[in-house]
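Structure record follows, encoded as structure tokens.
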Number of protein chains: 2
Amino acid sequence: MTRSEENYLKAIYHLGSSQNKAVATNAIARQMDTKPSSVTDMIKRLSEKGLVNYRKYQGVTLTQNGRNAALGIIRKHRLWEVFLVEKLNFSWDEVHEMAEQLEHIKSEQLIDRLDEHLGFPKFDPHGDPIPSKSGVFKKSNKRLLTEVPLDTEGICVGVKDSSAAFLKFLDKNNIALGDKIVVREREEFDGSLFIEIDENKMHISNQIASNLYIQLEVL
Amino acid sequence: MTRSEENYLKAIYHLGSSQNKAVATNAIARQMDTKPSSVTDMIKRLSEKGLVNYRKYQGVTLTQNGRNAALGIIRKHRLWEVFLVEKLNFSWDEVHEMAEQLEHIKSEQLIDRLDEHLGFPKFDPHGDPIPSKSGVFKKSNKRLLTEVPLDTEGICVGVKDSSAAFLKFLDKNNIALGDKIVVREREEFDGSLFIEIDENKMHISNQIASNLYIQLEVL
DNA sequence: ATAAATATTTAGACAAAACTAAAAAATAGT
DNA sequence: ACTATTTTTTAGTTTTGTCTAAATATTTAT
């Protein structure tokens with residue numbers, strides 16, 4: 001499979017073929033920053049290879065083979081992200097570009113050894129689940145801080161609003177990706193939260209909480 | 001730069017442009033398992049980009065830019081090989097294919113962090129020197145066991161004859177890549193050697209010794 | 001139900017990187 | 001010095017993946 005084919009499969013998966021919804025040509029074009037006509041071309045090729053189901057004008061879904069291929073690429077992407085963050089000390093927001101390249105390295109052996117080297121992680125640094133070799137994965141336990149149950153420990157894995165202003169705010173208040181967070185109390189009146197962040201108590205507004213993603217621990 | 005361009009530069013470097021000899025079209029074609037006409041095409045492109053010096057029918061040399069690019073790729077290749085062997089426990093003979101792919105990953109940051117993660121190694125698992133960020137590297141201290149001075153410790157990093165028969169012999173005699181080796185005595189009569197291999201004393205024929213590469217330690 | 005808007009596909013081109021076949025230059029052998 | 005051989009280059013195609021422009025299908029709005 002070519003690199004380009006892999007990228008299309010991944011895009012189709014992310015655009016909803018994970019839930020087996022048919023994905024529109026236009027949506028793929030937007031996602032991949034390319035033209036709809038190019039997408040049509042590629043879809044035909046993928047269809048001939050039995051990786052997608054395609055009927056003219058009706059959008060596209062992944063076949064079982066296509067889905068497996070997509071999951072394989074996602075597995076590689078996320079394992080490499082873990083490597084970059086855990087072993088090379090990159091931060092969550094620096095790794096995507098590199099992982100986009102690394103995910104196309106072809107070697108079963110390599111990715112299995114990497115998996116082992118990393119201790120078979122189940123989630124990537126953004127809290128997204130890592131499919132196993134055979135394509136199974138845990139449901140993500142990533143949710144907004146506003147939706148986390150009380151007294152349950154989680155790890156800060158992402159932001160919804162990635163504006164400079166918000167990131168600066170986080171920085172000033174010593175909230176960083178990877179921090180351990182527990183919600184201790186929810187204020188009914190304004191939806192603000194009392195939290196503990198790496199053992200320090202804090203009070204944050206609903207505004208803030210609704211822009212922070214937390215990954216809850218799962219066994 | 002495209003992947004293909006990078007591979008051509010590397011091939012030209014290895015074929016003698018390291019010593020600034022002009023490299024023949026045919027030689028490149030052989031090395032890259034491609035046709036001479038394809039090589040001519042590519043050389044023209046590289047020449048337009050200022051990466052090689054080219055005069056029709058006269059062969060090709062690398063420009064300074066070309067040489068730097070080639071060294072950059074070699075640096076990446078060899079650092080990834082160290083990673084594969086040291087961190088993922090692959091053996092010397094399994095890593096080349098993977099490194100061929102990994103060497104094309106584009107990210108200065110990534111390779112510098114990898115370098116640091118590995119402790120700034122100066123040689124790869126085959127005993128070949130790793131160019132620094134700025135393109136300088138130690139001369140290889142890789143040589144045949146027959147040419148190693150007495151009482152000088154080295155590490156077994158390669159074989160000249162990689163026939164199954166020879167590899168089987170090594171296996172049977174417990175000689176493996178990565179073993180520490182010291183030559184204690186050379187027998188004038190038949191050129192055989194008394195060596196210590198990981199503390200065990202052994203006597204090996206000149207035949208054997210002249211097919212084993214040793215990397216001598218350097219500071 | 002039909003016109004307007006939107007989405008999708010087709011047709012034809014292009015660039016990169018390869019190929020084959022044929023021509024031209026360089027080298028070697030006598 | 002002049003063939004014969006080898007090497008290199010040119011010319012013309014092919015494949016992959018993209019593009020633009022035009023044609024066709026579908027959806028939406030009245």
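So that the names make sense, note that chain A is the first sequence line, chain B the second, and so on, each numbered from 1.
Atoms CD and CG, from Glu94(B) and Asn89(B) in turn, are 10.0 Å apart once rounded to the nearest 0.5 Å. Here Phe123(A) contributes atom CZ and Ile130(A) contributes atom CD1; the two are 8.5 Å apart, rounded to the nearest 0.5 Å.
Residues Ala11(A) and Met32(A) come closest through the heavy atom pair CB-SD, 3.6 Å.
For the side-chain contact (heavy atoms from CB on, under 4.5 Å) test, residues two or more places apart in sequence or in another chain that qualify with Gln101(A) are Ile105(B), Lys106(B). Legend: residues meeting side-chain contact (heavy atoms from CB on, under 4.5 Å) with Val183(A), ordered by chain and number and at least two apart, are Leu145(A), Val148(A), Leu150(A), Arg186(A), Leu193(A), Ile195(A). In this structure, the side-chain contact (heavy atoms from CB on, under 4.5 Å) partners of His117(A), at least two apart in sequence or on a different chain, are Lys87(A), Lys87(B), Leu88(B).
In this structure, Lys44(B) places its NZ atom 10 Å from C1' of dT8(D), rounding to the nearest Å.
Contact annotation: Asn26(B) does not reach the phosphate of dT6(D) (side-chain N/O to OP1 or OP2, under 4.0 Å).
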Inset, instruction - Check the pair His126(B), His96(B) against ring-ring contact (aromatic ring centres under 6.0 Å, His included), reporting the backbone distance first and the verdict last. - result: CA-CA 10 Å; His126(B) 302 92; His96(B) 192 260; 7.4 Å; no

Check the interface with nucleotides 25-28 of chain D: list each N/O to N/O pair with the protein under 3.5 Å, or write none.
from    : atom 1 : to       : atom 2 : distance (Å)
dA25(D) : O4'    : Tyr57(A) : OH     : 3.3

Would you tabulate the pairs of protein nitrogen or oxygen atoms and nucleotide nitrogen or oxygen atoms of nucleotides 16-20 of chain C closer than 3.5 angstrom?
from    : atom 1 : to       : atom 2 : distance (Å)
dA17(C) : OP1    : Thr2(B)  : OG1    : 2.7
dA17(C) : OP2    : Arg45(B) : NH1    : 2.3
dA18(C) : OP1    : Ser4(B)  : OG     : 3.3
dA18(C) : OP2    : Ser4(B)  : OG     : 3.3
dC19(C) : OP2    : Thr34(B) : OG1    : 2.7
dC19(C) : OP2    : Lys35(B) : N      : 3.2
dC19(C) : OP2    : Ser38(B) : OG     : 2.5
dC19(C) : N4     : Asp41(B) : OD2    : 3.4
dT20(C) : O4     : Ser37(B) : OG     : 3.0

Atom pairs and distances, side-chain donor-acceptor, residues 40-49 of chain B, under 3.5 Å, sequence neighbours left out:
from     : atom 1 : to       : atom 2 : distance (Å)
Thr40(B) : OG1    : Pro36(B) : O      : 3.2
Lys49(B) : NZ     : Glu5(B)  : OE1    : 3.2
Lys49(B) : NZ     : Glu5(B)  : OE2    : 3.0

